[in-house]
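This one's a predicted model, so the numbers in the text were calculated from it and none came from an experiment.
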Amino acid sequence: MSQKPILFEIDNDVSPPTVAEAVPVPDLEGATREMAADPRDEARAFSPVATRLARRPSRLGRLFWSVLIALSGAMLSLWTWDFLTGLIGRFPVLGWAMSAGVAVLLALALLFITRELAGLMRLRRVDGLRHSAGAVGHDLTAARQFSQELSAFYNGRAELAWAQKNLAEHVPDVMDADAALDLTERELLAPLDTLALAEVEAAARQVATVTALVPLALADVVVALLASLRMIRRVGEIYGGRSGGLASWRLTRRVFAHLVATGAMAVGDDLLEPVLGGSILSKLSRRFGEGLVNGALSARVGLAAIDLCRPMPFSEARRPKTRSVIQNALKGIISREK
């Protein structure tokens, strides 16, 4: 059945739109770079849970705890003073012995606080180095300055002495910022990456083995928690030196905030199937499958710790692949099908 032609009338008075009137396209790549420039804010941009984990306490909360600690310390000091002076008056020898013990305790507490503050300052210095590395861009002078700062950060590390000497000799000959950063990463951080990945693989293998072989209730939860905490502490020590308890706790919070923000906790049979081959839960017992999943989760925790503890972001060529790390960690527990 034929239809008659339709005539469309065009209004010549309406001018066609110009390019200048078009709505500008948002710079998504620039926004992504700005969001990822500061690693401390990376986890805050994804999830409300991550925001709550990563944000600092409110001023009112800090003021409350400061006043409470100050008053508790003053009351404890007055009680200790009255107790020691009264004891010296009644039993001089015992009183002076107790006074000496309190003095030793105060000295140890001062050393402990000093070590904790040093650990927090060192963790903040790592954050500053990561921020400096991300802000280098194509500036050769900034790249060389960052190389010197990173080398100075690792002064005193015997395993990096030769790498520091080699880096100092070759960085002045490099005429490109990217090449200078690549040389710095290869000389200083590649050996540390090997040690950190070995710690991650060992922790994941331990968690998977205990979960698969120990039938006790909650044993896998306890082992996974302790192994993850020890692994995070060891990774922090590898990249940043000895850290205190407060620095380790702060680092642990940031690691789990990073995991929640990036969705790295969602790992299961769908991830392990292409890594290890075949359908896991259809070939293995339920307990053994849970062990492999827990081991993979521990490996993801370790990779998140490496990302946060490393004083320089990974280049694309050197970033460890999650699947290869999990496969190496679980090697020996199960072999991949050909």
Partners meeting side chain to side chain contact (heavy atoms under 4.5 Å, CB included) with A203 (sequence neighbours left out): M231
Shortest non-hydrogen separation from F146 to L129 and the atoms involved: CE1-O, 3.3 Å
Heavy-atom check, side chain of R233 versus side chain of L229, under 4.5 Å: no
S99 OG to L87 CG distance, which is reported to the nearest 0.5 Å: 7.5 Å
Whether Y154 side chain and A161 backbone form a donor-acceptor pair below 3.5 Å: no
Over all atoms of both residues, closest heavy-atom pair of L188 and L160: O-CD2, 3.6 Å
Euclidean distance, T85 OG1 relative to R90 CZ, rounded to 0.5 Å: 9.5 Å
Point-to-point distance, once rounded to the nearest 0.5 Å, from OH of Y239 to CG of D307: 9.0 Å
pair D193-R318: side-chain heavy atoms closer than 4.5 Å: no
Same cluster (ILVMFWY, side-chain, under 4.5 Å), W81 and L105: no
From H170 atom NE2 to L183 atom CG, the distance as rounded to the nearest 0.5 Å: 7.5 Å
S77 (side chain) donor-acceptor with G73 (main chain) under 3.5 angstrom: yes
L150 with M121, same ILVMFWY side-chain cluster at under 4.5 Å: no
Taking every non-hydrogen atom, the tightest pair across R157 and L192: NH2-CD2, 3.6 Å
Donor-acceptor contact present, side-chain S147 to main-chain A143, <3.5 Å: no
Close side-chain approach of R300 to V325, heavy-atom, < 4.5 Å: no
Test item: N328 side-chain N/O and S324 main-chain N/O as donor-acceptor pair under 3.5 Å: yes
L308-F314 co-clustered via ILVMFWY side chain contacts under 4.5 Å: yes
Hydrophobic cluster identity match, F91 and V102, side-chain contacts under 4.5 Å: yes
P313 backbone acceptor or donor facing R319 side chain under 3.5 Å: no
Nearest-0.5 Å distance, OG1 of residue T184 to CD of residue E149: 11.0 Å
Intermediate values then yes/no, side-chain contact (heavy atoms from CB on, under 4.5 Å), L197 and L303: CA-CA 8 Å; L197 289 176; L303 291 177; 4.0 Å; yes
Which atom of S298 lies closest to which atom of A204, heavy atoms considered: CB-CA, 4.0 Å
Residues E185 and R310 bridged, charged N to O under 4.0 Å: yes
Inter-residue atom distance D178.CG - L140.CG, 0.5 Å rounding: 10.0 Å
Common cluster, L84/V93, ILVMFWY with side-chain heavy-atom separation under 4.5 Å: no
Atom of M312, atom of L189 and distance for their closest heavy-atom approach: CB-CD1, 3.5 Å
Nearest heavy atoms of Q164 and S151, plus distance in Å: NE2-O, 2.7 Å
Non-hydrogen side-chain atoms of V126 and F153 separated by less than 4.5 Å: yes
